[in-house]
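In what follows, a structure is listed as structure tokens, so that the remarks can point back to it.
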2 protein chains.
Amino acid sequence: MTTTRKITSLDVAKRAGVSRSAVSRVFTPGASVSERTAIKVREAAHALGYRPNVLARAMLTGKSKIIGLVVAYLDNHFYPTVLELLSEALEREGYHVLVFMAAHSADDVEDVVSQILDYQVDGLILASVALSSDMADRCRASGVPVVLFNRKLEAEGELAVVSDNRMGGRLAADHLISLGRTRIGHIAGWEGASTQRDREAGFMEGLRAAGLGLFARELGDYRLPRAKEAARRMFDTPDHPDAVFVANDYMAFGVMDVLRSELGLSVPGDVALIGFDDVPSAAWPAYSLTTIKQDAEAMVTTTVSALLSEINGTEVTSPAPLPVTLVRRTSA
Amino acid sequence: MTTTRKITSLDVAKRAGVSRSAVSRVFTPGASVSERTAIKVREAAHALGYRPNVLARAMLTGKSKIIGLVVAYLDNHFYPTVLELLSEALEREGYHVLVFMAAHSADDVEDVVSQILDYQVDGLILASVALSSDMADRCRASGVPVVLFNRKLEAEGELAVVSDNRMGGRLAADHLISLGRTRIGHIAGWEGASTQRDREAGFMEGLRAAGLGLFARELGDYRLPRAKEAARRMFDTPDHPDAVFVANDYMAFGVMDVLRSELGLSVPGDVALIGFDDVPSAAWPAYSLTTIKQDAEAMVTTTVSALLSEINGTEVTSPAPLPVTLVRRTSA
DNA sequence: TTCCTCACTGCATGCGTTTGCAGGAGACTG
DNA sequence: CAGTCTCCTGCAAACGCATGCAGTGAGGAA
């Protein structure tokens with residue numbers, strides 16, 4: 001550990017023959033400095049390898065330029081995609097992402113959010129986890145803008161970016177019905193999630209509109225092993241559904257695996273399958289999963305702009321649910 | 001924006017009737033405080049919702065408790081897994097992960113690393129990107145420990161955690177040969193990566209040991225579309241390989257898709273396929289990909305302990321390459 | 001009682017910046 | 001040439017906390 005002494009603005013100032021203030025101003029866009037000193041300072045800074053200490057700046061200005069991101073699991077490929085997009089979009093705006101993993105138990109989330117607040121983050125994005133209103137209050141008290149990503153809260157206070165999940169469920173139902181299927185089942189995600197409730201509500205609405213009822217229902221909790229068990233239970237009988245709406249693609253892969261590999265059923269011959277999200281692998285020929293596409297890019301763009309507006313003091317209201325589309329592949 | 005004034009240790013001190021120092025000590029494990037004042041302080045802190053400002057502490061102590069993680073792409077499922085594991089492991093140690101996305105061009109990495117340094121991170125993990133030795137120097141000059149994850153540098157100076165990629169390549173070759181295949185091809189990853197070089201070296205060694213040469217070789221750059229094109233080129237002829245070692249699972253999925261869906265070849269009937277990594281989806285029946293397993297958990301554990309040792313001032317040398325194993329499924 | 005020890009506490013300083021304020025130096029006008 | 005303006009610069013005071021140092025008091029030993 002050749003711990004070279006840290007170089008501060010003072011070192012640069014001395015070398016350039018100016019004051020610390022001058023150095024600071026050179027690195028502060030929009031500050032008043034003459035070109036002459038700017039050059040001297042930049043030269044000295046470069047020679048010494050100086051870069052302003054973001055943390056010190058953060059203390060003084062109160063803006064840390066870091067955004068906390070809470071995310072529960074990364075095994076559902078939708079979230080890595082989102083994380084990548086989010087991080088890139090925020091980096092473009094001069095922010096960076098501090099990641100916090102949280103199993104989706106509520107307690108855990110509270111705890112994690114507290115930890116984040118310790119870092120004086122400028123904003124907080126909660127991806128697919130719920131926030132108690134108590135916690136929301138604490139955040140607001142700290143002056144930290146929060147936006148919920150792909151989940152909304154019953155209490156309407158919070159900023160939330162979601163797709164039009166109800167419409168998505170409706171599209172799924174309509175499509176399966178248009179295929180002539182009549183014994184239609186649903187494998188649900190986690191019932192604590194607004195996405196699940198909305199998707200299912202839209203789906204049921206579609207069934208009702210066609211005079212159909214739900215033929216079977218099982219719970220998958222948005223987890224792969226659970227979804228596979230759900231599929232096994234649902235298809236344990238000869239009188240099984242001829243179509244299933246699975247609440248997200250990730251589970252749908254597991255369901256399709258069970259149907260084809262364990263039960264010898266053909267998709268879509270014996271049973272049509274439709275998912276939700278349109279993760280990249282849904283397009284892979286091995287699955288070729290028909291699904292309801294969430295526009296991840298639009299969701300991210302919306303999230304970032306809402307968050308930044310709020311950070312800059314603009315009062316913002318939750319944007320309208322983002323449109324979803326049916327992507328027809330061969331599974332339905 | 002009801003920007004409530006931020007509550008500082010001074011507020012707590014006043015309410016508890018003690019000095020700021022006392023408050024600070026209560027929140028500093030191992031400091032000398034009487035139980036009586038500790039209780040008073042904790043009470044006041046809780047009542048006010050006070051939590052120490054990590055950034056202010058960081059300035060003073062020089063330890064920010066944040067670890068920078070540079071990662072190029074998240075679409076290869078190996079990395080989300082790693083990110084999740086890393087973040088969890090570090091959180092357990094009281095650290096948090098600041099994410100930086102970098103396309104894998106070298107310039108970009110330099111730039112990104114500079115940005116990270118601005119945050120006074122306590123350590124840096126570079127996942128699958130290379131670090132120029134110039135940059136490495138800058139990090140060392142800043143006193144920031146760096147560890148390369150799943151990539152090593154020619155210059156032996158840097159701490160690097162890798163699997164035994166050479167052995168992995170060797171295992172892949174041996175397995176294909178044991179299957180009686182003779183026209184064996186290779187779809188390579190990015191040639192700038194040490195992983196690629198080592199895997200291929202081991203693979204070639206295995207072929208040579210059996211008196212075989214490489215039947216065909218194409219470049220996939222660790223990217224899905226490139227890998228598919230590579231597969232198309234390689235199988236454009238009736239006289240195509242009867243086995244292929246693909247440099248990672250992610251590309252292998254694409255290759256398998258091309259073989260089965262576009263070219264009507266059967267796997268492993270017409271061509272045996274073996275990948276590298278053992279990402280979760282390799283086990284999915286739709287692919288059932290035989291592969292060389294990298295122990296992500298062990299890699300992460302090793303990375304974290306090496307990094308923390310270095311942070312705590314212990315001189316550390318690169319750990320030995322971690323063992324890999326052949327996971328036999330049905331694709332080979 | 002007196003002295004010493006020890007556990008605790010407060011004071012004051014410093015970490016590396018930004019920024020309001022006031023002063024200095026030109027540049028320009030008349 | 002004096003006066004005014006503009007532009008730039010340095011000073012010093014924050015930001016919220018940790019920590020060495022000196023000082024307080026209580027308790028024990030003699």
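Convention: sequence-line order gives letters A, B, ...; per-chain numbering from 1. All values below come from the heavy atoms of this structure, side chains included, with hydrogens, waters and symmetry mates left out. In this text the structure is predicted, and so the values were computed from the model without any measurement.
- For dT19(D), the OP1/OP2 oxygens have no side-chain nitrogen or oxygen of S24(B) closer than 4.0 Å.
- Remark: P of dC15(D) and CG of D11(B) are 11 Å apart, rounded to the nearest angstrom.
- Counting only N and O atoms by type, the side chains of Q120(A) and S64(A) include no donor and acceptor under 3.5 Å apart.
- In this entry the distance linking CG of N53(A) with P of dT18(C) reads 9 Å, nearest Å.
- Within the 4.0 angstrom heavy-atom criterion, only backbone atoms of the sugar-phosphate kind lie near Y50(A); the bases stay farther away.
- Between M59(B) and A22(B), it is A22(B) whose nearest contact on DNA chain C lies nearer the 5' terminus.
- S21(A) comes within 4.0 angstrom of a nucleotide base, judged by non-hydrogen atoms across all strands.
- Rounded to whole Å, atom C1' of dC7(D) lies 14 Å from atom CD of E35(A).
- A side-chain N or O of N150(A) and one of Y79(A) form a donor-acceptor pair less than 3.5 Å apart.
- R57(B) forms no cation-pi arrangement with F27(B), by the criterion of a distance under 6.0 Å to the ring centre and an angle within 45° of the ring axis.
- Residue contacts shown for T8(B) are limited to sugar-phosphate atoms, with no base heavy atom under 4.0 Å away.
- Using a cut-off of 4.0 Å between Lys/Arg side-chain N and Asp/Glu carboxylate O, R42(B) and E35(B) are scored as salt-bridged.
- Neither OP1 nor OP2 of dC17(D) sits under 4.0 Å from any side-chain N or O of R57(B).
- Between D11(A) and K6(A) no salt bridge is recorded (no basic side-chain N to carboxylate O distance below 4.0 Å).
- Residue contacts shown for S34(B) are limited to sugar-phosphate atoms, with no base heavy atom under 4.0 Å away.
- Put simply, S32(A) has a side-chain N or O that comes within less than 4.0 Å of OP1 or OP2 on dC8(D).
- Each of dT17(C), dG10(C), dT19(C) was ranked by its minimum atom distance to the side chain of V18(B); first place goes to dG10(C).
- Side-chain atoms of S19(B) stay outside donor-acceptor range of the base of dC11(C), with no qualifying N/O pair under 3.5 Å.
- Judged by closest nucleotide on DNA chain D, R25(A) is the one of F27(B) and R25(A) placed further toward the 5' end.
- The side chain of L60(A) approaches dT18(C) more closely than any other nucleotide in the set dG16(D), dC17(D), dT18(C).
- The distance from atom CZ of R20(B) to atom C1' of dG16(D) is 8 Å, rounded to the nearest whole Å.
- In this structure, NZ of K40(B) is placed 13 Å from C1' of dG10(C), rounded to the nearest angstrom.
- As rounded to whole Å, 19 Å separates atom P of dG16(D) from atom OH of Y119(A).
- The nearest whole Å value for the distance from the CG atom in L10(A) to the P atom in dT18(C) is 13 Å.
- Residue K63(B) contributes atom NZ, which lies 14 Å from atom C1' of dC15(C) at whole-angstrom precision.
- Looking only at atom types and distance, the side chain of E310(B) has no donor-acceptor partner in the side chain of T314(B) under 3.5 Å away.
- When heavy atoms are screened at a 4.0 angstrom cut-off, V23(B) is found touching no nucleic acid atom at all.
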